[in-house]
Amino acid sequence: MKLFTFSARKLVVLIGCVACSGLACAHGVDDHSGDPAYAKYYQQPVNWGGCPPSLFTDGSTIQCALVTVPVDWADPSQGDITIGISRPLHPAPYTRLLLVNAGGPDNSSASMAEMLEQWQPQVQIDHLVVGVDLRGITDGLGTQVSCDYAQRSGTENFMDGDSRNPTAASVQAQQDWWNRSIATCLHQHAAFLKGINTPNHARDLNLVRAILGFRNADLLGVSSGSSLMAYATRMFPERFGRVVLDSNMNWVHLDWQRQALHRAAMDQLNLQQAFIPFIARHNDQFHMGTTPGDVMTTFQRIYQATSEHRMGSVTPDQALASLDGTGMWIFWDLLVSPSLSAMSAALDGDPSHIAAAEQMAAVTFDDLRTRASFNPMADALQCNDSGSTDPRSMAQKIADVRTYWAVGASTLVDKCQHWPWRPALDRRLESRTRVHALMVQNEFDPSTPYLLALRDRRENGHAARMVLVNNGATHGIMFDNDPCPIDAEFAYLNSGVMPARDVVCQARPMHSFAMQDTITYEYGHPAAGWWLPPPPNVHQVTWLLVP
């Protein structure tokens, strides 16, 4: 079946390229650069200034600017908004441009670009590194909106502070509450929210390239940024050259809701087989026990204590939110270890320990019972791109949340249930084009599963190459200084040298700033030579959390 599907896809691509003209296949879509109606965008000056502090960086080594873009690239009469961009304060000599997107999708690309320059300075060899924010992001300089949540009825799934213990009635109440919230938001900001989609983001990238004075640009996208950069090179293949996709979403056929379902299962498997054993090996930091069973028992006690209101104001959702930081090692010292350690200590009932746990919980997770407003950017992007595609029944959703309890509750509510606009992604463009890119991927990535990255690689054929880190168990390779994948990335980015075939690297032992394993563990299927191994079996999840 897989061979047949692959062959059929190649046939579709071939037919598509025959059907379109040679110019259309080679040059992609019209970027409107020659249209007088768009002249003000392409002729705008770039005024660089200071950058605000962001999630991980203080902005002290970069400059930032605002770029004006049309709300709707298909109709510039709808008005304008702004997006933020960044560049190094003292750039090294360069002849090429590298546009960077941080993923999230609500993450600051300015912050990520600054981190790259500090942690991987070779990224600046012959490149001007420019972070380009998506429209509407919270942690950025550009145009943003905020919407008020609808009045709560008190029967929503999260109202007891435990989203992992749903009933059909409580999930329906939460769905209704979300539908009321987003309906009001859409009424207030319809034009702006309709314009938040991947095709418009890709056109924004192309505009930034043009106004910075470059005929071509290279691209680096991490996590959900991989889907943006893949789509951008489909739209403008003649403008975007060397493309690196780090921690890949399913960009062959981008579908946000189905991606989230795969993520919930893989995240749970990663937690069970990789991170809980890591916690046990570093009991001096987490204080939860020296075996995986001990750690799970301690977390079960934390979960039940918060459910029974024996840990002050700390809720079960706040306890579980600590585990949502396990995917990236840079969070382990900053968030996960302090949170879990504080909650573990608070099990003794000491008021000072409970107060410390409450303080960490407030940093970890905003309580939806009291939060008044939200930024709709991420939801608008996902709904505009691919719409409502979750095929599960209510009963299956509830069963999945109890199986995939780490992040599965995030898939309960269909944020796109009554979305007023058709999906913006061009499925014909996806089917008739290939993405020429270097993919880098961890085998046990909990957030962008290797299963979907492997599907991208296989269905995209010889246009792409993958650098797989065998037994790599975190998300985001660029921030982990592993020479094997990093050398392959920069050989391509800096010299244009694409590997002749896929590359399989061996992961280094798990580590953070303060914690270091001494050996590497086998998590999935063993890799042999350069052959890409099968993806992990997510049905191995067996540890349940009892309400």
Side-chain angles (χ1 to χ4, degrees), residues 46 48 51 54 56-57 59-65 67 83-103 107-134 201-202 204-223 225-226 228-233 235-248 435-440 464-465 467 476-499:
V46 180
W48 297 101
C51 298
S54 192
F56 295 113
T57 58
S60 62
T61 67
I62 53 176
Q63 296 175 301
C64 288
V67 174
I83 61 171
I85 63 173
S86 71
R87 72 175 184 183
L89 187 61
H90 302 293
Y94 58 83
T95 62
R96 302 180 69 90
L97 173 67
L98 178 66
L99 301 178
V100 176
N101 179 261
N107 287 344
S108 165
S109 293
S111 175
M112 177 183 164
E114 187 172 26
M115 286 178 67
L116 279 174
E117 294 148 19
Q118 294 172 357
W119 291 18
Q120 305 289 352
Q122 63 267 49
V123 76
Q124 297 187 75
I125 295 177
D126 202 31
H127 276 105
L128 175 66
V129 181
V130 173
V132 183
D133 284 343
L134 297 183
H201 290 322
D204 295 346
L205 279 173
N206 182 60
L207 175 67
V208 171
R209 170 204 59 77
I211 65 175
L212 292 179
F214 288 84
R215 180 175 178 81
N216 303 96
D218 299 330
L219 303 176
L220 171 61
V222 180
S223 190
S226 67
L228 167 63
M229 297 314 196
Y231 202 87
T233 194
M235 290 181 66
F236 305 110
E238 81 287 3
R239 294 303 185 194
F240 298 131
R242 302 169 191 171
V243 180
V244 173
L245 307 177
D246 184 338
S247 305
N248 292 259
V435 174
H436 294 265
L438 180 66
M439 306 170 63
V440 288
R465 292 287 184 274
V467 179
I477 291 176
M478 183 59 77
F479 302 114
D480 195 3
N481 196 25
D482 185 339
C484 181
I486 294 298
D487 288 351
E489 284 186 77
F490 286 111
Y492 175 56
L493 268 183
N494 296 335
S495 303
V497 179
M498 177 72 81

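- Between His201 and Ile83 the shortest side-chain heavy-atom distance does not fall below 4.5 Å.
- Contact of the His436 side chain with the Thr233 side chain is not registered, since no non-hydrogen atoms from C-beta on lie closer than 4.5 Å.
- The closest donor-acceptor contact from the side chain of Ser495 to the backbone of Tyr492 lies at 3.5 Å or more, if one exists at all.
- Taken from CE in Met478 to CG in Asp246, the straight-line distance is 6.0 Å, to the nearest 0.5 Å.
- Between atom CG of residue Leu212 and atom CG of residue Leu207 there is a gap of 9.0 Å, rounded to the nearest 0.5 Å.
- Distance check: Arg242 CZ to Leu220 CG gives 13.5 Å after rounding to the nearest 0.5 Å.
- Side-chain atoms of Phe236 and Leu205, non-hydrogen and from C-beta on, never get closer than 4.5 Å to each other.
- With contacts defined as side-chain heavy-atom distances shorter than 4.5 Å, the pair Ile125/Tyr94 does not qualify.
- No side-chain donor-acceptor contact under 3.5 Å links Arg215 to the backbone of Arg239.
- At least one donor-acceptor pair under 3.5 Å links the side chain of Arg465 to the backbone N or O of Pro499.
- Leu134 is listed as a side-chain neighbour of Asn101, based on a closest heavy-atom distance under 4.5 Å.
- Considering Glu117, Arg87, Gln120, Arg96 as possible partners of Val129, the one that fulfils the side chain to side chain contact (heavy atoms under 4.5 Å, CB included) test is Glu117.
- Between Leu228 and Ala202, the closest heavy-atom pair is CD1-N, 3.8 Å.
- The residue from Leu128, Leu99, Thr95 that alone fulfils the side chain to side chain contact (heavy atoms under 4.5 Å, CB included) condition with Phe214 is Leu128.
- In terms of heavy-atom proximity, Ile477 sits nearest to Ser247 at N-OG, 4.0 Å.
- Asp133 contributes no side-chain N or O that, together with a main-chain N or O of Ser108, makes up a donor-acceptor pair within less than 3.5 Å.
- One distance of note links CD of Glu489 with SG of Cys484; it measures 10.5 Å at 0.5 Å rounding.
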Decide side-chain contact (heavy atoms from CB on, under 4.5 Å) for Phe479 and Met112; before the verdict, give the C-alpha distance in whole Å, the side-chain angles of both, and the deciding distance to 0.1 Å. CA-CA 10 Å; Phe479 302 114; Met112 177 183 164; 3.7 Å; yes
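- Ile85 CD1 to Ile211 CD1: the interatomic distance, rounded to the nearest 0.5 Å, is 5.5 Å.
- Atom-to-atom distance recorded for Met439:CE and Leu245:CG is 6.5 Å, nearest 0.5 angstrom.
- In this structure, Leu219 and Ala232 approach most closely via the heavy-atom pair CD1-CB, 4.3 Å.
- Scanning all heavy atoms of the two residues, the minimum distance from Gln124 to Pro88 falls at OE1-CG, 3.6 Å.
- Nearest approach of Val243 to Met229, heavy atoms of both residues: CG1-CB, 4.4 Å.
- Shortest non-hydrogen contact noted between Ser86 and Ile62 is CB-CD1, 4.1 Å.
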